[in-house]
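Each residue takes its place number in the sequence, starting with 1.
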Amino acid sequence: MREVKETAAWRQNGFLALLALLLALLWLGWAGYRLLTEKELFYLWHVIPALLA
């Protein structure tokens with residue numbers, strides 16, 4: 001049987017990811033609203049990265 005060594009794992013607080021998610025959702029909402037109301041394809045360039053985020 002082999003001996004197992006335990007090492008400390010790297011961990012990060014999740015509040016930064018939560019903040020990024022909320023900002024991306026706000027960005028998506030703004031861009032989606034502008035895209036539907038003004039019907040300009042310029043706002044599509046905001047929708048795509050917001051969806052990816």
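Qualifying side chain to side chain contact (heavy atoms under 4.5 Å, CB included) partners for W27, counting only residues two or more places apart in sequence or in other chains: W30, H46, P49, A50.
The side chain to side chain donor-acceptor pair (under 3.5 Å) analysis of residues 14-24, with sequence neighbours excluded, yields no pairs. Residue pairs meeting the salt bridge (Lys or Arg N to Asp or Glu O under 4.0 Å) criterion with at least one member in residues 17-26, sequence neighbours excluded, do not occur.
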Got a list of side-chain donor-acceptor pairs under 3.5 Å for residues 6-20, not counting sequence neighbours?
residue, atom, partner, partner atom, Å
N13, OD1, F15, N, 3.3

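The hydrophobic side chain of L26 is isolated, with no ILVMFWY side chain under 4.5 Å apart from it. Side-chain contacts under 4.5 Å among hydrophobic residues (ILVMFWY), followed directly or transitively, place L25 together with L21.
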